[in-house]
Amino acid sequence: MTKFYIGNPERPIITVKGTINGKGPFSFIFDTGASLTIIEKQAAEKLGLSSDASAIREAVGAGGAVVSSLLNVGSIKIDDVEAKDIQAAVLDLANVAKCGCIAGLAGIIGYNFLKDYRVIIDYPKQEIYFEKHELRA
């Protein structure tokens with residue numbers, strides 16, 4: 001179970017605390033509609049994460065299309081749920097942090113982090129539950 005926060009009730013963005021390569025905690029937006037996890041550009045620089053300049057990708061979101069570079073992150077962990085060797089896009093999220101009133105935003109948790117779990121969001125309790133998928137024969 002992970003506690004989540006909504007900083008601005010007028011813009012109900014779910015945020016969670018987590019670590020990147022064992023460092024943090026950092027704030028992440030929890031976005032079940034994002035196909036790829038995103039690391040904020042300044043956070044990546046502070047952590048010494050370097051992106052592959054040859055791995056450029058166009059991402060499309062609510063604000064339109066943007067160009068990002070990709071990097072591999074050793075570990076992103078939200079409570080006891082961890083994704084290892086995960087690919088992430090690097091984007092400047094300063095405007096997202098401002099409009100959502102999110103201090104210290106380090107990234108967005110997307111599908112490639114969530115894909116191995118059944119995710120249950122309990123809004124009244126402000127909790128998220130992760131249930132590991134069972135492999136079926």
Side-chain angles (χ1 to χ4, degrees):
M1 182 268 308
T2 299
K3 285 298 270 183
F4 72 83
Y5 309 92
I6 296 178
N8 181 348
E10 293 177 18
R11 295 179 186 256
I13 297 171
I14 294 175
T15 62
V16 295
K17 296 287 186 185
T19 62
I20 301 171
N21 293 339
K23 296 179 180 153
F26 300 105
S27 292
F28 293 90
I29 291 173
F30 192 83
D31 187 351
T32 60
S35 60
L36 194 63
T37 295
I38 297 169
I39 302 294
E40 204 283 327
K41 184 179 177 182
Q42 289 180 338
E45 290 170 359
K46 285 181 186 176
L47 291 166
L49 300 172
S50 59
S51 57
D52 182 353
S54 66
I56 303 295
R57 178 177 178 168
E58 183 176 282
V60 180
V66 295
V67 176
S68 68
S69 56
L70 300 176
L71 58 80
N72 289 317
V73 180
S75 168
I76 296 177
K77 190 171 183 181
I78 308 296
D79 275 347
D80 60 349
V81 178
E82 183 174 26
K84 293 184 178 184
D85 301 318
I86 186 170
Q87 189 174 59
V90 178
L91 291 173
D92 182 351
L93 299 175
N95 288 335
V96 174
K98 284 180 198 172
C99 71
C101 301
I102 304 162
L105 179 64
I108 297 173
I109 299 297
Y111 169 77
N112 65 334
F113 181 96
L114 304 171
K115 67 182 173 58
D116 294 326
Y117 300 91
R118 178 180 316 163
V119 180
I120 301 165
I121 301 172
D122 185 334
Y123 279 94
K125 291 182 181 177
Q126 290 194 318
E127 296 173 345
I128 299 172
Y129 299 88
F130 295 90
E131 295 178 0
K132 188 78 171 164
H133 280 290
E134 296 289 328
L135 294 176
R136 296 183 184 180

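The chain is numbered in sequence order, starting from 1.
No continuous path of ILVMFWY side-chain contacts below 4.5 Å connects I108 to Y111, so the two sit in separate hydrophobic clusters. Following chains of ILVMFWY side-chain contacts shorter than 4.5 Å, one can reach I78 starting from I121, so the two form part of one hydrophobic cluster.
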Listed pairs under 3.5 Å, donor-acceptor, residues 36-45 side chains, sequence neighbours left out:
from : atom 1 : to   : atom 2 : distance (Å)
T37  : OG1    : G110 : N      : 3.2
T37  : OG1    : N112 : OD1    : 2.8
E40  : OE1    : Q42  : N      : 2.6
E40  : OE1    : A43  : N      : 3.2
E40  : OE2    : L93  : N      : 3.2

Which atom pairs, one a donor and one an acceptor, fall under 3.5 Å between side chains of residues 13-27 and the rest of the protein, sequence neighbours left out?
from : atom 1 : to  : atom 2 : distance (Å)
T15  : OG1    : Y5  : O      : 3.2
K17  : NZ     : S27 : OG     : 2.9
N21  : OD1    : G74 : N      : 3.1
N21  : OD1    : S75 : N      : 2.9

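Residues passing the side-chain contact (heavy atoms from CB on, under 4.5 Å) test with Y117 are V81, V119, F130, K132, sequence neighbours excluded. With sequence neighbours excluded, the residues that form a side-chain contact (heavy atoms from CB on, under 4.5 Å) with D122 are P124, K125, Y129. Listed by chain and number, the residues in a ring pair (Phe, Tyr, Trp, His ring centres under 6.0 Å) with F30 amount to none (sequence neighbours excluded).
Nearest heavy atoms, I76 versus F28: CG2-CZ, 4.3 Å. Contact record, A88 with V73: CB-CG2, 4.2 Å, taken as the closest heavy-atom pair. Taking all atoms of both residues into account, the shortest heavy-atom contact from D31 to L114 is O-CD1, 4.4 Å.
Taken from CD in Q87 to CZ in F113, the straight-line distance is 15.5 Å, to the nearest 0.5 Å. Note that the OG1 atom of T2 and the CG atom of D80 stand 7.0 Å from one another [nearest 0.5 Å].
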